[in-house]
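Please read all numbers here as calculations on a predicted model, not as lab measurements.
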Amino acid sequence: MKKILLLGCGNMGGALLKAWAANTGHKYTVADPAKPDLPEGVSQVGSVEELGDEIFDYLIVALKPQLIDQVLPAYLPRLSPDGVISSIAAGYSAEKLASHAPGRSVVRIMPNLPALIRKGVSGLYAHGKVTETASREIEELALCSGTIVWVDSEDMLDRLTAVAGSGPGYVFEMLRAYVEAAEELGFSEEDAKTLVLGTFRGTLELAQESDLPLEDLRKNVTSKGGTTAAGLDALNGTGKFSALINETLLAAYERAVELR
């Protein structure tokens, strides 16, 4: 059992904490002046003074990036000499975190929104000399909220942020536009949403269960001269949809670099 201190407990931090507390045997303490809804067995303090002399194995930062410089230094003395700093905060680099505690190991976790329902995809990046044990224990935490991908540089974590971290926003926008188009074809909002969400859900599950490449799956549903072929030609016949997706990811990646 490890002792873990969570700095901040907003929507994402709170959702992750519930998954961690339900699936691991560690002891959790939340440092947050607000009154978040905490899982049973999790303790809370409103200030560092309330921790007394307690020392922790992991310090996980779940603060808004603009608050980290102000809050983190006060809590670092509560981290054991060989303890690890982790962070789920977007837009705040591992190098910045390490600058607060030279010589400390840092692991960033970049979750995405479906982590709220334990179906997320999280990116993990280890900065400094992170032990195999620490990597495994942090990986176990990340797996509580979905699947994970380790990357070997912070630049790759920014690229992952562009794909998965920001990805739910792109998907929600696609769904919104798809539902709107279905309504334009004459369906009610309720029926349009049922058709679109059901189509996405079934298609996604089919893709996950199949060993075929995505291109082959697309070809299998596309008859020459048929309705799907006509729709696909309008969607991406000139490559405009592929180019738009590329531009979308590049814009998000470039912004992530700016925020480091």
Side-chain angles (χ1 to χ4, degrees), residues 1-9 12-32 38-45 48 51-63 68 71-90 92-112 115 118-158 160-161 164-165:
M1 181 185 74
K2 298 295 183 179
K3 296 174 67 176
I4 298 176
L5 176 63
L6 181 67
L7 293 188
C9 193
M12 182 61 75
L16 294 176
L17 176 63
K18 288 177 182 177
W20 298 341
N23 293 279
T24 70
H26 303 313
K27 179 183 177 183
Y28 297 93
T29 300
V30 169
D32 194 319
L38 300 178
E40 184 177 353
V42 174
S43 57
Q44 180 185 3
V45 297
V48 67
L51 289 173
D53 296 326
E54 193 167 6
I55 299 297
F56 297 86
D57 301 294
Y58 290 95
L59 193 162
I60 301 180
V61 180
L63 299 164
I68 295 176
V71 176
L72 177 59
Y75 287 89
L76 284 172
R78 297 294 180 267
L79 185 62
S80 68
D82 58 348
V84 176
I85 302 170
S86 188
S87 171
I88 67 166
Y92 198 96
S93 71
E95 187 173 351
K96 286 182 181 178
L97 287 166
S99 71
H100 286 287
R104 293 280 192 180
S105 298
V106 174
V107 178
R108 282 189 64 194
I109 304 172
M110 184 65 242
N112 67 359
R118 303 183 189 182
K119 293 186 177 182
V121 179
S122 297
L124 281 76
Y125 165 62
H127 178 85
K129 296 181 179 179
V130 180
T131 67
E132 183 177 342
T133 298
S135 295
R136 184 180 68 252
E137 290 173 344
I138 291 177
E139 180 175 296
E140 288 172 353
L141 291 179
L143 284 169
C144 290
S145 57
T147 57
I148 64 167
V149 174
W150 280 97
V151 296
D152 58 10
S153 70
E154 194 137 48
D155 184 66
M156 284 304 300
L157 192 66
D158 287 338
L160 184 147
T161 299

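- Between Leu38 and Cys9, the closest heavy-atom pair is CD2-SG, 3.8 Å.
- Interatomic distance, Phe56 CZ to Thr29 OG1, rounded to the nearest 0.5 Å: 4.0 Å.
- Atom CG of Leu72 and atom NZ of Lys96 lie 13.0 Å apart (nearest 0.5 Å).
- Looking at heavy atoms from C-beta onward, Tyr58 lies out of side-chain contact with His26 at the 4.5 angstrom threshold.
- Between the side chain of Arg104 and the backbone N or O of Pro81, at least one donor-acceptor pair lies under 3.5 Å.
- Pro39 has its side chain within reach of Leu17: a pair of non-hydrogen atoms, C-beta onward, lies under 4.5 Å apart.
- Within the 4.5 Å cutoff, the side chain of Met110 has no heavy atoms near those of the Tyr125 side chain.
- Judged by distance alone, with hydrogens and angles left aside, the side-chain atoms of Asn23 form no donor-acceptor pair with the main-chain N or O of Cys144 at under 3.5 Å.
- Minimum interatomic distance between Pro77 and Ala74 (heavy atoms only, all atoms of both residues): CD-O, 3.4 Å.
- One N or O on the side chain of Arg78 and one on the backbone of Gly52 form a donor-acceptor pair closer than 3.5 Å.
- Note: Ser122 OG to Asn112 CG = 6.5 Å, rounded to the nearest 0.5 Å.
- With contacts defined as side-chain heavy-atom distances shorter than 4.5 Å, the pair Ile4/Leu141 qualifies.
- Atom CG in Leu59 sits 10.0 Å away from atom OG in Ser80 (nearest 0.5 Å).
- Shown here for Leu6 and Ala62, the closest heavy-atom pair between the two residues is CD1-CB, 3.8 Å.
- Judged purely by atom type and a 3.5 angstrom limit, Thr24 has no side-chain atom pairing as donor or acceptor with the backbone of Ala21.
- How far OH of Tyr28 is from OG of Ser43: 12.0 Å, rounded to the nearest 0.5 Å.
- Between Met12 atom CE and Ile109 atom CD1 the span is 11.5 Å, to the nearest 0.5 Å.
- With respect to Glu54 and Lys27, a salt bridge is recorded, a charged nitrogen being found less than 4.0 Å from a carboxylate O.
- Using a 4.5 Å heavy-atom cutoff, the side chains of Ile148 and Trp150 are in contact.
- Residues Leu97 and Ser87 share a closest heavy-atom pair of CD1-CB, 3.5 Å.
- You'll find the side chain of Ile85 reaches within 4.5 Å of the side chain of Leu76, heavy atoms only.
- Nearest approach of Glu95 to Glu154, heavy atoms of both residues: N-OE1, 3.8 Å.
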